[in-house]
Amino acid sequence: MVEVVVIGSYCHDVGLRVESFPSPGETVFGSDILESHGGKGSNQAINVRRAGHSVAFVCAIGDDAKGHGAVDLWRSEDLDTSLTLIKSDGPTGMALIVIAASGENQIIVSPGANALLRPQDLAPARICIANTSLVLSQLEVPTDTVVEAFRLARIAGAVTVLNAAPALSVIPDTLWANLDLLIVNETEAQQLTGCTSNDYVQLCALLISRVRLGVVITCGPLGAIGINAQGELIRVAAPKVEVVDTTGAGDAFVGAFCSGWLRTRDLRASMQLGTASGSLACTTRGALPPSLLPVH
């Protein structure tokens, strides 16, 4: 039995630095090319495992060097890779990450095999999901696959956590129906609600009506704001850090948040752990910090 099942993506990341992001039609010089492991699912699965929880990762990769390298990474991180699927009809996903001098980033993802992870591919994971405590997913894999994963989780009584990224304007009702905890940033919250307001309280109030246990909106350097099932608003400030690269901050937040929830079942405590981890992730380059973040 594993504590957490993650259904998500893997991408081989290629990052480069620029002084500032180019305008449309503009060419700028880049430097410091870094190739690394990424993908929201993989990053979050590893962050949960590093926080001390057993994790099974359900993912689709290509039958290529980058995919096999990902499996080596997961095994070195002690993830259960028995549910990893190798697809012969698509390459391993890739992401191009451009990082400005400010530490902010812009990301373009080519899904590759991630787009080939289908609901029927979850059949081998049924027993694992039936015996887990928490099922975590994102939106870098097909939505109908996430719907099926959360349906199985609800039957099993496992807590479901969705990091609704990248943002979609519409999440199907069949996914909302089995969603316990939602984690989004401001842009994702606006797209899900159709509300352009920058009022985090209003966005929280709109979203909590669709989920069972709580909503969290991450606010970058401002920390995070959340609302629990009782309607209590929770604000957590982010510690001040020297920002090097924000690429892995959201995934570090989600991984630590899930660890906090498993330990406490408390939204505030989980947000505090997530905010600390996300802030520390900004102090090093790449989507996946090279070592365990000292958040405990």
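Here, residue 1 is the first one in the sequence, and each next residue gets the next number. Quick caveat: nothing in here was measured; it's all calculated off a predicted structure.
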* Approximate separation, where rounding is to 0.5 Å, of Asn228 CG and Leu233 CG -> 8.5 Å

* To do: For Thr275 and Met271, indicate whether the former's side chain and the latter's backbone hold a donor-acceptor pair under 3.5 Å.
  => yes

* To do: Would you give the length of the straight line joining atom CG of Leu179 to atom OG1 of Thr160, rounded to the nearest 0.5 angstrom?
  => 5.0 Å

* To do: Report the relative orientation of the aromatic rings in His37 and Tyr10; use parallel for angles under 30°, tilted for 30 to 60°, perpendicular for over 60°.
  => tilted

* Can you check side-chain hydrogen bond (donor to acceptor under 3.5 Å, both in side chains) on Ser169 and Gln191, steps first, answer last? -> CA-CA 5 Å; Ser169 57; Gln191 291 193 255; 6.0 Å; no

* Asked: Can Trp261 and Val161 be said to form a side-chain contact (heavy atoms from CB on, under 4.5 Å), step by step?
  -> CA-CA 10 Å; Trp261 187 266; Val161 182; 5.9 Å; no

* Under the 3.5 angstrom rule, does the side chain of Asn114 hit a backbone N or O of Pro111 as a donor-acceptor pair? -> yes

* Asked: If every non-hydrogen atom of Cys128 is compared with every non-hydrogen atom of Val5, which pair is closest and at what distance?
  -> SG-CG2, 3.7 Å

* Asked: Going by heavy atoms in the side chains, are Gln190 and Cys195 under 4.5 Å from each other?
  -> no

* Side chains of Val2 and Val55: closer than 4.5 Å at any heavy-atom pair? -> no

* After noting the C-alpha distance and the side-chain angles of Ile217 and Ile183, does the key distance pass the side-chain contact (heavy atoms from CB on, under 4.5 Å) rule? -> CA-CA 6 Å; Ile217 300 176; Ile183 303 173; over 6 Å; no

* With rounding to the nearest 0.5 Å, note down the distance linking CD in Glu188 to OG1 in Thr193. => 11.5 Å

* Just wondering, do Asn163 and Val184 contact through their side chains at under 4.5 Å, heavy atoms? -> no

* Is there a donor-acceptor pair under 3.5 Å between the side chain of Arg17 and the backbone N or O of Ala100? -> no

* If every non-hydrogen atom of Gly39 is compared with every non-hydrogen atom of Asp13, which pair is closest and at what distance? -> N-OD1, 4.3 Å

* His68 and Asp63, any side-chain heavy atoms less than 4.5 Å apart -> yes

* Using a cut-off of 6.0 Å, state whether more than 12 heavy atoms not belonging to Glu242 lie near its atom CD. => no

* Output the distance between atom CD1 (Ile234) and atom CD1 (Ile225), rounded to the nearest 0.5 Å. => 9.5 Å

* Validation row: Asn198, Glu186 side chains within 4.5 angstrom (heavy atoms) -> yes

* Decide whether Trp176 and Val216 are clustered together by the hydrophobic rule: side chain heavy atoms of Ile, Leu, Val, Met, Phe, Trp, Tyr closer than 4.5 Å, transitively. => no

* If you measure from CZ on Phe257 to OG on Ser277, what distance do you get to the nearest 0.5 Å? -> 13.0 Å

* Asked: Under the side-chain contact (heavy atoms from CB on, under 4.5 Å) criterion, do Leu122 and Ile7 qualify, and how do the steps go?
  -> CA-CA 9 Å; Leu122 297 180; Ile7 293 90; 4.2 Å; yes

* Looking at Arg210 and Asp173, does any basic side-chain N land under 4.0 Å from a carboxylate oxygen? -> yes

* Identify the heavy atoms of Ala51 and Arg263 that sit nearest to each other, and give their distance. => O-NH2, 2.5 Å

* **Joint hydrophobic cluster, Val146 plus Leu136, side-chain heavy atoms closer than 4.5 Å** => no

* What heavy-atom pair brings Val147 and Pro172 nearest, and what distance separates the two atoms? -> CG2-CG, 4.0 Å

* Does Leu96 reach the side chain of Ile107, with side-chain heavy atoms less than 4.5 Å apart? -> no

* Structure fact -> All heavy atoms of Ala256 vs all of Gly274, minimum pair found to be CB-CA, 3.8 Å

* Evaluation steps, side-chain hydrogen bond (donor to acceptor under 3.5 Å, both in side chains), between Thr92 and Asp64 -> CA-CA 7 Å; Thr92 298; Asp64 50 36; 2.6 Å; yes

* Basic-acidic side-chain contact under 4.0 Å: Glu148, Arg126 -> yes

* Structure fact -> Tightest non-hydrogen contact, residues Phe57 and Gly8, listed as CE1-N, 3.8 Å

* Asked: Atom CD in Gln202, atom OG in Ser197: separation rounded to 0.5 Å?
  -> 4.0 Å

* Taking the side chain as every heavy atom from C-beta outward, state whether Ile97 and Val14 have any atom pair closer than 4.5 Å. => no

* State plainly whether one hydrophobic cluster holds both Val201 and Leu182, where clusters connect Ile, Leu, Val, Met, Phe, Trp and Tyr through side-chain heavy atoms under 4.5 angstrom apart. => yes

* **Enclosure of Leu168 CG (heavy-atom neighbours >12, cutoff 6.0 Å)** => yes

* Asked: Hey, are Ser133 and Glu3 close enough side-chain-wise for a donor-acceptor pair under 3.5 Å?
  -> no

* Take Ile171 and Thr143, measure what side-chain contact (heavy atoms from CB on, under 4.5 Å) needs, and give me the verdict at the end. => CA-CA 8 Å; Ile171 287 180; Thr143 306; 5.6 Å; no

* To do: Verify whether one side chain among Asp251 and Gln44 offers a donor that lies under 3.5 Å from an acceptor in the other.
  => yes

* **Sub-4.5 Å side-chain heavy-atom contact between Ile99 and Val18** => no

* Does the distance from a Lys or Arg side-chain N to an Asp or Glu carboxylate O, for Lys87 and Asp121, drop under 4.0 Å? -> yes

* Is Phe253 linked to Val48 within one hydrophobic cluster, defined over Ile, Leu, Val, Met, Phe, Trp and Tyr using a side-chain heavy-atom separation of less than 4.5 Å? -> yes

* **ILVMFWY network linking Leu175 to Leu152, side-chain heavy atoms under 4.5 angstrom** => yes

* Is the number of heavy atoms from other residues, nucleotides or ligands within 6.0 Å of CZ (Arg235) greater than 12? -> no

* To do: Give a yes-or-no answer on whether the side chains of Ser42 and Trp74 include a donor-acceptor pair shorter than 3.5 Å.
  => yes

